[in-house]
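Structure, as structure tokens:
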Amino acid sequence: MWEYSEKVKELFLHPRNVGEIENPDAVGEVGSMICGDALKLTLRIDRETERIIDAKFQTFGCASAIASSSILTELIKGKTLDEALKLTNKDIAEALGGLPKEKMHCSVMGREALEAAIADYRGEKRLVEEKGRIVCNCFEVTEEKIRKVAIENHLTTVEEITNYTKAGGDCGSCIPEIEAILKDIWSVKAPETPKRPKKMTNLQKIALIQDVIEKEIRPRLQADGGDIELIDIDGNRVIVGLRAMCVGCPSGGVTIEGIQKKLRELVSEDIVVEAQ
Amino acid sequence: MSVIYLDNNATTAVAPEVLEEMAPYLRDLYGNPSSMHTFGGQVRRKIEEARARVAALIGADPDEIVFTSCGTESDNTAVMSAVETYPHRRHVVTTRVEHPAVLNFARHLARKGFRVTYLPVDSLGRLDMDALSEALDDETAVVSIMYANNETGVIFPVRRIGGLLRERGILFHTDAVQAVGKVPINVKDLPVDMLSLSGHKLHAPKGVGALYVRKGTRFHPYIIGGHQERGRRAGTENVASIIGLGKACELAMQALERESSYVGTLRDRLEQALLQLCPDAMVNGDTGNRLPNTTNISFQYVEGEAILLRLDEHGICASSGSACTSGSLQPSHVLRAMGVPFTAIHGSVRFSLSRYNTEAEIERVIEIVPAVIKELRELSPYGRNGLGQG
């Protein structure tokens with residue numbers, strides 16, 4: 001059983017703006033009965049102001065697909081086309097009080113129908129072949145869609161891509177390709193996480209030194225049968241005790257050097273490590 | 001709001017008589033049946049009584065019954081035992097419409113290097129006997145084919161399959177989890193070597209099952225440890241549930257014929273009314289050869305999860321083969337194997353009845369379902385009232 005929000009339940013049981021506008025100014029149709037969900041969105045648009053006066057939907061799909069379609073029509077009514085295009089699938093999911101992660105593709109479908117309708121109004125109707133290469137044949141998902149949804153929602157795993165686009169959710173043969181696309185996106189665009197904070201109070205610095213010793217240095221020494229104990233921190237001087245296999249070890253100096261290097265890298269350039 | 005429970009192939013209510021039989025063994029009689037003292041010994045005797053009751057329901061000898069923790073364990077044990085005891089045979093045969101307890105175990109064996117044949121079914125869910133015959137060879141360790149399908153209720157020709165396998169000297173396991181207690185089964189004149197059953201599908205509690213192992217069948221335990229179940233299934237017995245399973249089998253045996261005709265009448269009334277009242281609806285599976293309690297109906301142009309959740313608002317419990325209800329994006333593997341069009345799979349609903357359903361309940365469902373389907377079709381861009389055709 002899915003855990004749906006109260007808003008999803010309400011709009012599933014009592015959807016708003018159901019139906020079809022007669023002689024609509026724009027039509028957006030996405031999905032298909034084969035895929036398991038489909039949405040047809042029709043709009044009435046004021047041609048002078050490009051404002052959406054009315055929006056109606058018809059949906060074949062599960063509870064969250066129906067609720068996503070319903071909230072979409074409410075969100076876009078009264079907006080200009082440019083304003084409406086700023087709406088993301090996240091906005092749709094948030095307006096519903098969240099969706100189960102496996103159902104995020106319903107919010108993506110809403111956003112796609114909107115884009116299709118506006119493209120239709122603006123005469124930008126593109127042929128299917130022009131929408132790019134199909135990656136997932138089971139659900140007809142293009143590389144373009146995977147890239148777009150991944151970047152907009154900061155998706156990094158295949159599972160997330162499946163939750164948002166369905167790609168890879170049936171036969172699974174495209175999973176290596178989705179992995180390659182994700183790798184391509186994030187190896188270039190993933191922001192470098194700052195490894196070292198710039199300014200620290202003394203307390204933060206002590207805490208970070210302890211953390212680095214516990215998590216980075218100690219496990220390595222222990223793996224070689226050694227151990228380390230933090231004895232004191234005095235300004236930039238870090239005094240440690242080396243235990244077990246490390247005591248009197250001919251390469252003790254190397255170990256101290258290695259620890260110092262690690263702490264300089266992760267905490268502060270001016271750290272000096274001394275053995276007790 | 002009262003619940004109308006039409007999901008008995010998923011699980012069933014524990015019969016009041018079963019609960020009553022179990023209660024003393026959850027309260028005061030907590031002894032270990034393996035103990036030497038009288039306090040434990042009386043529990044042992046009650047377990048043996050349960051074993052005799054289970055055996056009686058399927059025409060087996062009590063010695064041929066091994067208690068397990070569930071239907072899945074029984075299935076896994078049977079197939080694993082066959083490949084363990086015939087180590088040079090590296091081929092397993094099953095069907096494309098098995099329960100995951102067998103299907104995923106077969107896939108697991110395939111990853112370990114076994115050759116696995118998944119037999120096809122036709123559009124009515126009937127097994128292709130020629131394909132079975134062709135699949136067998138000297139390397140085949142076991143054939144595992146269900147007695148009746150959980151989604152459609154279609155019954156497989158177990159006697160014919162067993163006959164063929166006897167001739168060829170190949171072990172035959174049948175997953176009879178959905179059939180035991182619903183249709184008469186007598187292993188005395190049914191050529192099966194192993195047969196799985198599950199407690200919670202026949203009004204016993206969850207967490208108990210049994211495997212029938214015909215005398216003389218080579219056997220290797222799956223759970224290894226103590227001497228329980230004469231070394232065939234280790235682990236201290238789930239005493240109360242085993243006693244409950246025994247009682248449930250006794251109840252099923254006493255009332256099998258009367259109940260299956262009662263349940264069958266209710267099912268037929270439901271099915272015929274829904275087909276009549278809902279346009280573009282069709283039954284999935286061979287209606288001439290089905291469990292009496294099951295009907296699987298596809299309502300075109302609407303999606304199964306939406307149907308179930310709208311029915312839930314009325315307290316009606318059923319299940320669906322749609323992708324959205326499967327926990328993955330894949331719709332029912334059973335209906336797909338039958339070649340049911342996707343448009344019909346997404347709108348499929350399984351109603352499975354039990355002895356506890358009443359005529360009044362069925363009449364209420366006949367009132368609600370067509371209204372729900374109509375409402376959802378009004379939302380749908382497809383179908384008679386919509387414009388587009390998928």
Side-chain angles (χ1 to χ4, degrees), chain A residues 1-2 4 8-9 11-20 22 24 27-42 56-67 69-70 100 102-103 105-106 113 136 138-139 141 159 161-172, chain B residues 7 10 107 280 298-314 317-333 335-336 340-349 371-390:
Chain A
M1 174 138 203
W2 300 108
Y4 285 129
V8 171
K9 283 184 205 160
L11 290 179
F12 164 61
L13 294 172
H14 308 288
R16 290 165 205 162
N17 306 316
V18 174
E20 195 176 24
E22 270 185 50
V27 181
E29 275 184 283
V30 290
S32 77
M33 195 142 64
I34 291 166
C35 295
D37 43 26
L39 164 56
K40 182 175 183 182
L41 179 69
T42 49
K56 285 194 189 300
F57 80 93
Q58 288 177 308
T59 293
F60 164 79
C62 58
S64 54
I66 290 168
S69 312
S70 177
E102 296 86 350
K103 295 287 191 173
H105 59 85
C106 296
C136 170
C138 299
F139 293 111
V141 186
E159 194 190 336
I161 292 291
T162 307
N163 287 338
Y164 278 69
T165 68
K166 294 189 175 188
D170 194 351
C171 77
Chain B
D7 203 10
R107 289 182 184 140
D280 299 309
S298 278
F299 301 96
Q300 299 242 48
Y301 316 122
V302 283
E303 195 278 330
E305 187 207 278
I307 302 172
L308 295 188
L309 293 183
R310 291 267 175 132
L311 291 181
D312 196 53
E313 287 296 303
H314 298 276
C317 308
S319 61
S320 168
S322 94
C324 284
T325 57
S326 68
S328 71
L329 293 168
Q330 293 171 309
S332 158
H333 70 285
L335 301 184
R336 285 214 276 184
V340 176
F342 275 95
T343 54
I345 298 179
H346 287 304
S348 68
V349 178
V372 162
I373 300 299
K374 186 163 175 284
E375 285 163 20
L376 289 172
R377 280 186 180 158
E378 278 162 10
L379 292 183
S380 171
Y382 302 120
R384 295 194 168 171
N385 302 323
L387 292 173
Q389 282 289 335

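Lettering of chains follows the sequences in order, A, B, ..., and the numbering in each one begins at 1.
Only the side chain of B:Glu313 comes within less than 4.5 Å of a heavy atom in chain A; its backbone stays farther off. With a 4.5 Å cut-off on non-hydrogen atoms, A:Lys9 does not touch chain B at all. Contacts of A:Ser69 with chain B are absent, with no heavy-atom separation under 4.5 Å from either backbone or side chain.
Taking the salt bridge (Lys or Arg N to Asp or Glu O under 4.0 Å) definition, one finds that A:Arg16 meets it with A:Glu10, A:Glu74, sequence neighbours left out. A:Pro24 pairs by the side-chain contact (heavy atoms from CB on, under 4.5 Å) definition with A:Ile21, A:Val27, A:Thr42, not counting sequence neighbours.
Shown here is A:Glu159, whose CD atom has no more than 12 heavy atoms of other residues, nucleotides or ligands within 6.0 Å.
Between the side chains of A:Asp170 and B:Gln330, a donor-acceptor pair is found at a separation under 3.5 Å.
Of the listed residues (A:Asn163, A:Thr162, A:Leu13), the one with the most heavy-atom contacts under 4.5 Å to chain B is A:Leu13.
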